[in-house]
Amino acid sequence: MDGDGARLRSQLIEVVGPDHVLTDADVVAGYCVDWTGRYAGATPAVVRPGSTAEVAGVVDVCRAAGAAVVAQGGNTGLVGGGVPLAGEVVVSLRRLSALDPVDRRAGQVTAGAGVTIGAVQRAAAGAGWAYGVDFASRDSATIGGSVATNAGGTRVLRYGDTRAQLVGVEAVLGGGSVVSHLGGLVKDNTGYHLPSLLCGSEGTLGLVTAVRLRLVPPAGERVVALLAFDAVAAAVEAAGVLRRAVASLEAAELFLDDGLALVCEAVGLAPPFPATHRAYLLVEAAGRTSPLTELADAVGSLAAVADVAVAEDSLRRADLWRYRESHTEALATLGTPHKLDVALPFGALAAFLAAAPGVVAAVAPAARTWLFGHAGDGNVHVNVTGVGPDDAAVDDAVLALVVEMGGSISAEHGIGTAKKAWLAHARSPAEIAAFRAVKAALDPAGILNPNVLLPPGFE
């Protein structure tokens, strides 16, 4: 470490103490690569503040030194937005793990940025409430990370994304000032809604240190059904019918025959049905009373259903969910996939699913395309195996198709570095100029995750 680096390290130690400024190469290695292994960088230091005041102190030191920072939580991101790809200082927020008691009357809870989604879910359940956001990495993904990317998951259909859960936020802005508005008032029209602004900003406007979350009433009775179809378009159409017909519907997840076969082989699951079908729709309905009749009546109206499996008890429900949630684990056995999280208008969803494999094959004939995702909200996870991690041709081809069909290049994982060159295709020059103006106002020195989100020429 050179003189400037040693001075920076010394100043950071003054803020957080020597045990929480990490520089040993072996220790910091895990902070410098994402969990897929596709995005890797280097950092002069990993800093682990234990309070909002310490986060502000770290930002002050880094701003004075001209050192860029990248905030990191559970490091479960998929677009290279939380790793130091350009040599940034990593500010790990995992120590901000305070979780206040649930406010039972308000149905709210205040959580530090380092609290995991699973911990919030368990705390809510213990107080007679539930948290509306859920996804497979619930026990490693943190609240701070989910806010930074406006994470969605499997319950968006009923409860909305992370932004919809926020009723308060505390954050350190790029100038070192702290904004804190955690009262949790449901109605509070006193100016700009900072939680909504900071949510999805990928740490470019402020480092979120705590949030006030709204909780939802628990749904004690649940039914999961796995529906088989002999055509992808029929499964997509069924998702639309069920969204209209089942008021208690919480999830509608789509996957295809090749993905199911890979899951069964990699995880050791028996196939759910005697025969193979082209597409599968996993749906879950939940309510105070059993939604079985409501769901069964709606499924019975679907002429295209080739087979169905239904589960009411928790163990069997979990078994059916494994066919969907194990896709990521199964794909990892094939190497590091390209992961493209996109959204399509409902009217274009079936056409996209039909066209995407051909678009990939045109630029990478040896590649394989795996499609699954949240059919209830038009979100498709396009995974491509058999191409090098730095080969952008596949990504460009898929994203071009998404833009052509009027979709979004990022449904829930953010832009990061992986997609920032494509933001100009998805947003107008006026919108990007507005993004830049907001960034300059809240982070005047430009030190907060400056290498993500904004496309080249707009940093």
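Scanning for side-chain hydrogen bond (donor to acceptor under 3.5 Å, both in side chains) contacts around Ser428 gives Glu431, with sequence neighbours left out. Evaluation of the side-chain hydrogen bond (donor to acceptor under 3.5 Å, both in side chains) rule for Arg48 yields His20 as partners, not counting sequence neighbours. For Arg278, the side-chain hydrogen bond (donor to acceptor under 3.5 Å, both in side chains) partners two or more places apart in sequence, or in a different chain, are Asp257. In this structure, Trp321 has no ring pair (Phe, Tyr, Trp, His ring centres under 6.0 Å) partners at least two apart in sequence or on a different chain. Not a single side-chain hydrogen bond (donor to acceptor under 3.5 Å, both in side chains) links Tyr323 to another residue, sequence neighbours left out. Contacts of Glu325 classified as salt bridge (charged side-chain N to carboxylate O under 4.0 Å, His left out), with partners at least two apart in sequence or in another chain: Arg138. Partners of His425 under the ring pair (Phe, Tyr, Trp, His ring centres under 6.0 Å) rule, at least two apart in sequence or in another chain, are Trp422. By the side-chain contact (heavy atoms from CB on, under 4.5 Å) test, Ser97 is found to be paired with no residue, residues two or more places apart in sequence or in another chain being considered.
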Would you give me the side-chain donor-acceptor pairs under 3.5 Å for residues 108-119, sequence neighbours excluded?
residue, atom, partner, partner atom, Å
Gln108, OE1, Arg212, NE, 2.9
Gln108, OE1, Arg212, NH2, 3.4
Gln108, NE2, Gly184, O, 2.7
Thr110, OG1, Arg212, NH1, 2.9
Thr116, OG1, Ala119, N, 3.1

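Thr336 places no side-chain N or O within 3.5 Å of a backbone atom of Ala332 that could act as its donor or acceptor partner. Of the possible polar contacts, none joining the Arg155 side chain to the Asp134 backbone as a donor-acceptor pair under 3.5 Å is found. Within the 3.5 Å criterion, the main-chain N or O of Ala400 finds no donor-acceptor partner in the side chain of Asp396. Side-chain atoms of Thr43 never come within 3.5 Å of backbone atoms of Val46 as a donor-acceptor pair (strictly under, hydrogens ignored). Between the Gln121 side chain and the Asp139 main chain, no donor and acceptor come within less than 3.5 Å of each other. For the pair Asp443 (side chain) and Leu448 (backbone), a donor-acceptor distance under 3.5 Å is present. Judged purely by atom type and a 3.5 angstrom limit, Arg243 uses its side chain to pair as donor or acceptor with the backbone of Gly376. Side-chain N or O atoms of Glu202 include one that pairs as donor or acceptor with a backbone N or O of Ile415 at under 3.5 Å.
Applying the ring-ring contact (aromatic ring centres under 6.0 Å, His included) definition to pairs two or more places apart or across chains, those involving residues 324-351 are Phe255-His327, His327-Phe372. Listed by first and then second residue, the side-chain hydrogen bond (donor to acceptor under 3.5 Å, both in side chains) pairs involving residues 180-191 are Glu170-Ser180, His181-Asp188, Asp188-Thr190 (not counting sequence neighbours). For residues 309-320, no residue pair satisfies the salt bridge (Lys or Arg N to Asp or Glu O under 4.0 Å) rule, not counting sequence neighbours.
The line from NZ of Lys439 to OG of Ser201 is 8.5 Å long, rounded to the nearest 0.5 Å. Between the OG1 atom of Thr385 and the NZ atom of Lys339 there is a distance of 10.5 Å, given to the nearest 0.5 Å. Distance check, rounded to the nearest 0.5 Å: CG of Asn379 to NE2 of His413 gives 7.0 Å. Atom CG of residue Leu173 and atom CG of residue Leu207 lie 9.0 Å apart, to the nearest 0.5 angstrom. Of the inter-residue distances, the one linking Leu226 atom CG with Leu281 atom CG reads 8.5 Å to the nearest 0.5 angstrom. Expressed to the nearest 0.5 Å, how far CG of Asp258 lies from OG1 of Thr369 amounts to 9.0 Å.
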Candidate pair Trp129 and Val102, rule side-chain contact (heavy atoms from CB on, under 4.5 Å), full reasoning:
CA-CA 9 Å; Trp129 287 89; Val102 171; 4.3 Å; yes
Show the numbers, then the answer: is there a side chain to side chain donor-acceptor pair (under 3.5 Å) between Tyr159 and Glu250?
CA-CA 8 Å; Tyr159 300 116; Glu250 285 200 353; 2.8 Å; yes
Between Glu88 and Asn451, is a side chain to side chain donor-acceptor pair (under 3.5 Å) present by the stated rule, with each step listed?
CA-CA 9 Å; Glu88 301 92 339; Asn451 300 297; 2.7 Å; yes
Begin from the C-alpha positions of Glu329 and Val267 and carry the test side-chain contact (heavy atoms from CB on, under 4.5 Å) through to its verdict.
CA-CA 8 Å; Glu329 177 185 353; Val267 184; 4.3 Å; yes
With side-chain contact (heavy atoms from CB on, under 4.5 Å) as the criterion, how do Glu221 and Arg288 come out once you've worked through the C-alpha distance, each side chain's angles and the decisive distance to 0.1 Å?
CA-CA 6 Å; Glu221 300 294 329; Arg288 291 283 191 179; over 6 Å; no
Assess the residue pair Val70 and Val91 against the criterion (side-chain contact (heavy atoms from CB on, under 4.5 Å)); give the C-alpha distance rounded to whole Å, side-chain angles, the decisive distance to 0.1 Å, and a yes or no.
CA-CA 6 Å; Val70 57; Val91 181; over 6 Å; no
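Across every non-hydrogen atom of Leu198 and Ala171, the tightest pair is CD1-CB, 3.7 Å. Closest approach of Ser290 and Val223 over heavy atoms only: OG-CG2, 4.2 Å. Here the shortest heavy-atom pairing between Ala411 and Asp341 reads N-OD2, 3.0 Å. Here the shortest heavy-atom pairing between Pro337 and Gly335 reads CD-O, 3.1 Å.
Side-chain contact between Val133 and Ser146: absent, with no pair of heavy atoms (C-beta onward) separated by less than 4.5 Å. Contact check for Val167 versus Leu213: no side-chain heavy atoms found under the 4.5 Å cut-off. No side-chain heavy atom of Trp370 sits less than 4.5 Å from a side-chain heavy atom of His381. Val89 is not listed as a side-chain neighbour of Pro84, based on a closest heavy-atom distance of 4.5 Å or more. Contact annotation: the side chain of Leu269 approaches that of Val263 to within less than 4.5 Å [non-hydrogen atoms, C-beta and beyond]. Two residues are said to be in side-chain contact when any heavy atoms from C-beta on lie closer than 4.5 Å; Val402 and Ser408 fail this criterion. Between Leu249 and Leu157, some side-chain heavy-atom pair lies under the 4.5 Å cut-off. The shortest distance between side-chain heavy atoms of Val90 and Val28 does not fall below 4.5 Å.
When each of Val452, Asp395, Leu399 is tested with Lys419 by the rule side-chain contact (heavy atoms from CB on, under 4.5 Å), just one qualifies, namely Leu399. For the side-chain contact (heavy atoms from CB on, under 4.5 Å) criterion with Val384, the lone passing option out of Leu331, Leu371, Val394 is Val394.
Between Arg158 and Asp377 there is no salt bridge, since no side-chain nitrogen of the basic residue lies less than 4.0 Å from a carboxylate oxygen of the acidic one.
Other residues, nucleotides and ligands place more than 12 heavy atoms under 6.0 Å from the CD atom of Glu294.
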